[in-house]
Amino acid sequence: MARVAHLIEHHGVRANEILAVTFTNKAAQEMQTRLEKTPYSVKEPVRWLGTFHSISAKLLRRHAELVDLKANFTILDSDDQLRIIKQLLKVNNIDDKRWPARMLAGIIDDWKNRALTPDKVPTADAGAYNNKGVELYAQYQTRLRELNAVDFGDLLLHMVTIFQTHPDVLEQYQRWFRYILVDEYQDTNIAQYLWLRLLAGGHKNICCVGDDDQSIYGWRGAEVGNILRFEKDFPGAHVVRLEQNYRSTPHILAAASNVIRGNESRLGKELWTDKPEGEKVRLIGHWDGEEEARWIGEEIDAMQGGTRGVRPMNLDEIAILVRASHQMRAFEDRFLTIGLPYKVIGGPRFYERMEIRDAMAYFRLVVSPEDDLAFERIVNTPKRGLGDKAQQTIQRTAREHGVSLVQGARIAVEQGLIKGKGGAALRDLVEGLARWNAMTRGPRIEIEDDSVIDDGTAPVRYGPPEVSHIELAQIVLDESGYTAHWQNDKTPEAPGRLENLKELVNQLDNFENLQGFLEHVSLVMDNEQDSGGPKVSIMTLHAAKGLEFPAVFLPGWEDGLFPSQRSMDESGLKGLEEERRLAYVGITRAEEVCTISFAANRRVFGQWQNAMPSRFIDELPEDHVEVLTPPGLYGGGQMSAGIETRAAQANVYNSPGWKRMQSRQGQYGMSQPRESRNTVIDATAVASFTLGERVFHQKFGYGGVVGIEGDKVEVEFDKAGTKKVVAQYLSAKDDVPF
DNA sequence: TAGAATGTCGTTTTT
DNA sequence: CGACATTCTA
């Protein structure tokens with residue numbers, strides 16, 4: 001960052017000649033604030049600072065017509081994307097059981113990450129998705145154009161295409177962005193790399209910051225090769241190695257270094273620091289995931305109260321970093337019960353919530369009535385008595401007339417194709433949409449020819465709207481019945497959803513019109529409202545990239561979870577090494593205190609499963625780690641309490657009259673617990689693992705496969721939940737005394 | 001058509 | 001377990 005400021009200060013570079021690119025919005029914000037805090041006198045803001053995606057979106061709006069789009073295209077999220085793909089599969093008579101839509105979405109994303117348009121997909125990939133991948137990809141792109149929409153991948157891909165096919169446009173931006181700065185370069189994929197290389201092609205004033213040991217996005221097409229090839233791409237590049245670390249204590253640094261040493265493919269570097277020694281990295285094992293959450297909760301309390309032997313910590317200084325987002329739940333549950341304030345970062349985003357997406361769909365339709373996806377989403381939300389049949393009628397009418405769904409609906413209403421209550425409700429909706437759309441503009445002025453219909457081509461202009469976009473948004477939500485829908489809803493979530501809708505409308509204040517707002521929401525907005533004082537952060541290791549915290553907890557270090565079994569199965573050693581880099585990233589997020597933990601037992605899909613401690617734990621340097629549990633047994637003392645708790649819980653869930661309201665997206669109504677679930681057993685066994693020279697023993701339980709140094713006890717359940725020992729290769733309890 | 005019951009399957013990681 | 005699809009019922 002200082003580098004940017006330096007350019008501005010000493011080389012007469014103007015702030016708006018700089019293009020600064022990050023991967024995440026958080027990093028962009030961070031850059032912005034750092035820039036403001038810099039010792040240099042930056043007078044004007046760096047205007048072109050943002051993520052690859054947000055900058056690409058801005059550029060693409062200027063040149064949309066070059067790729068057959070209109071400037072007001074909508075940006076689809078992965079939900080919309082999936083819906084379109086499902087529709088395509090249906091049209092093509094493809095069984096999405098055997099060939100899931102998700103898979104195709106992944107393949108398409110992958111191609112887009114590699115900057116491959118349908119015509120450029122290499123023949124080697126022709127077999128993808130049952131030989132139909134490329135064909136469907138082409139259809140998908142066509143459909144997106146029809147909808148005047150792009151997905152995330154398109155934002156970059158379209159810009160690369162434009163740069164490649166329109167040298168004049170490219171040159172304009174090469175002149176414009178005379179200096180380019182890229183953060184986290186090790187995570188660029190091919191599309192991003194081309195994007196950068198094209199833009200920097202003329203002047204080659206490009207500065208990239210990155211660390212090959214922190215490359216954790218291989219699965220998203222990131223190419224560490226980009227960073228290794230940098231000097232070749234930009235001959236004469238000056239490489240600066242930064243090996244002094246200003247963040248972590250020596251113990252933490254040593255732990256991280258020792259783990260990452262296990263990787264074979266790396267450039268290799270030795271980090272050092274002149275920070276005071278601090279405390280060792282701490283390691284603790286637990287009986288199960290709930291105990292782990294409980295223990296961490298207590299630790300945080302103690303840290304906050306200053307009774308933990310380290311300086312008193314503010315909740316903002318503490319983070320819990322998990323491998324997979326499902327791990328977050330145990331912590332949320334626990335922290336809610338003990339009233340510990342927390343925030344989930346990078347969890348479900350604000351705009352991904354059902355009510356926000358519904359509201360946005362209404363806004364989208366108001367702004368652009370041809371947005372069929374938005375129409376499909378809200379025709380029957382709130383319930384208007386328009387079921388499958390009615391919706392099919394609308395679809396058919398639209399198709400017959402070659403018009404959008406809204407138009408189709410209007411025709412269907414006029415021709416009386418939909419009878420009864422549904423018909424009346426649809427008429428209301430269609431009329432409402434027309435009315436609201438008209439409210440986005442003021443009165444029509446400068447009519448040159450009365451005979452010209454306002455179809456978008458007529459030379460008409462409008463005065464300023466009479467209603468502000470904020471009022472309009474409120475009107476749309478109220479008149480459509482959407483607000484009432486949630487007011488009448490009795491589920492416990494309803495008040496929160498109304499609250500969110502209010503927040504959504506409030507946010508509009510920061511924008512000039514609905515359009516600008518829609519763009520912001522789809523690209524930037526997250527659920528961080530940062531209100532109500534300091535909070536513990538809970539996030540994935542991936543989301544923690546680039547961040548730092550005085551105190552970090554790293555739970556769930558079990559083989560299979562971390563390193564992730566899937567990563568190892570799918571990518572072998574490469575996968576394992578990426579997992580190890582993730583471990584490295586995790587440890588190095590900590591400035592002063594780092595606590596690693598694991599649990600012997602965890603519930604997976606409602607079944608108890610157990611796991612060995614992560615192999616990365618074996619790679620921790622003994623001298624820099626303090627093991628909190630004595631080398632006897634991990635979590636042993638908790639066992640009986642654990643089983644009692646769970647048995648009690650199972651009784652509640654399995655009691656015959658027990659019912660529960662469901663109130664999730666799309667689903668409604670009551671559901672009963674199923675017999676075969678919530679099984680509990682009390683089988684225990686012991687396994688050992690090593691840390692440096694020392695051997696530790698760990699007790700497992702709860703059934704499933706119980707591992708003992710290669711030998712095992714297997715337990716199975718029948719439908720009624722009766723336990724049965726399938727195989728017992730070793731007598732568990734007798735082997736290790738405890 | 002809406003709601004209720006039953007069936008099936010999945011947990012990496014994200015802009 | 002819980003999300004989602006499918007099938008059954010009023």
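Protein chains get the first letters and strands the later ones, always in sequence-line order, with residue 1 at the start of each.
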Of all residues at least two apart in sequence or in a different chain, which pass the ring pair (Phe, Tyr, Trp, His ring centres under 6.0 Å) check with [X]?
{"X": "A:Phe52", "value": "A:Phe23, A:Trp195"}
{"X": "A:Tyr137", "value": "A:Trp111"}
{"X": "A:Tyr584", "value": "none"}

(request) Give me the one residue out of A:Gln327, A:His286, A:Glu292 that meets side chain to side chain donor-acceptor pair (under 3.5 Å) with A:Arg602. (result) A:Glu292
Give a yes/no on whether any side-chain N or O of [X] is located under 4.0 angstrom from OP1 or OP2 of [N].
{"X": "A:Lys389", "N": "B:dA2", "value": "no"}
{"X": "A:Arg384", "N": "B:dT1", "value": "no"}
{"X": "A:Asn380", "N": "B:dT1", "value": "no"}
{"X": "A:Thr540", "N": "B:dT14", "value": "yes"}
{"X": "A:Ser325", "N": "B:dT13", "value": "yes"}

Measure the distance from [atom1] on [X] to [atom2] on [N] and round it to the nearest whole Å.
{"X": "A:Asp183", "N": "B:dT15", "atom1": "CG", "atom2": "P", "answer": "15 Å"}
{"X": "A:Arg83", "N": "C:dA5", "atom1": "CZ", "atom2": "P", "answer": "11 Å"}
{"X": "A:Asp151", "N": "B:dT14", "atom1": "CG", "atom2": "P", "answer": "18 Å"}
{"X": "A:Asp187", "N": "B:dT14", "atom1": "CG", "atom2": "P", "answer": "12 Å"}
{"X": "A:Ile345", "N": "B:dT14", "atom1": "CD1", "atom2": "P", "answer": "12 Å"}
{"X": "A:Glu290", "N": "C:dC1", "atom1": "CD", "atom2": "P", "answer": "13 Å"}
{"X": "A:His53", "N": "B:dT14", "atom1": "NE2", "atom2": "C1'", "answer": "9 Å"}
{"X": "A:Asn113", "N": "B:dT13", "atom1": "CG", "atom2": "C1'", "answer": "13 Å"}

(request) For DNA chain B, determine which residues of residues 212-224 of chain A have any heavy atom closer than 4.0 angstrom to one of its atoms, and list them numerically. (result) A:Tyr217, A:Trp219, A:Arg220
Taking only the side-chain heavy atoms of [X] (C-beta and beyond), determine which of [options] contains the nearest atom.
{"X": "A:Ala543", "options": "C:dG2, B:dG3, B:dT14", "result": "B:dT14"}
{"X": "A:Phe152", "options": "B:dT15, B:dT1, B:dT14", "result": "B:dT15"}
{"X": "A:Phe605", "options": "C:dC1, B:dA2, C:dG2", "result": "C:dC1"}
{"X": "A:Ala324", "options": "B:dT15, B:dT13, B:dA2", "result": "B:dT13"}
{"X": "A:His542", "options": "B:dG3, B:dG10, B:dT13", "result": "B:dT13"}

Any chance the side chains of [X] and [Y] put a donor and an acceptor closer than 3.5 Å?
{"X": "A:Tyr482", "Y": "A:Asp358", "value": "yes"}
{"X": "A:Asp154", "Y": "A:Gln141", "value": "yes"}
{"X": "A:Glu570", "Y": "A:Gln565", "value": "no"}

(message) Using the side-chain hydrogen bond (donor to acceptor under 3.5 Å, both in side chains) criterion, which residues pair with A:Asn92? Sequence neighbours excluded.
(response) A:Gln139
(request) Identify, with sequence neighbours excluded, every residue that meets side-chain hydrogen bond (donor to acceptor under 3.5 Å, both in side chains) alongside A:Gln391. (result) none
Have a look at [X] and say if it touches a base, only the backbone sugar-phosphate, or nothing, with a 4.0 Å heavy-atom cut-off.
{"X": "A:Lys86", "value": "sugar-phosphate"}
{"X": "A:Gln391", "value": "nothing"}
{"X": "A:Arg581", "value": "nothing"}

(request) Could you work out the separation of B:dT13 and C:dC4 based on their C1' atoms and round it to a whole Å? (result) 23 Å
(request) Using the closest heavy atom to pick a nucleotide of DNA chain B for each, name whichever of A:Glu579 or A:Gly153 lands nearer the 5' end. (result) A:Glu579
(request) Take A:Asp388 and A:Ser571, find for each the nucleotide of DNA chain B with the closest heavy atom, and name the residue whose nucleotide sits nearer the 5' end. (result) A:Asp388
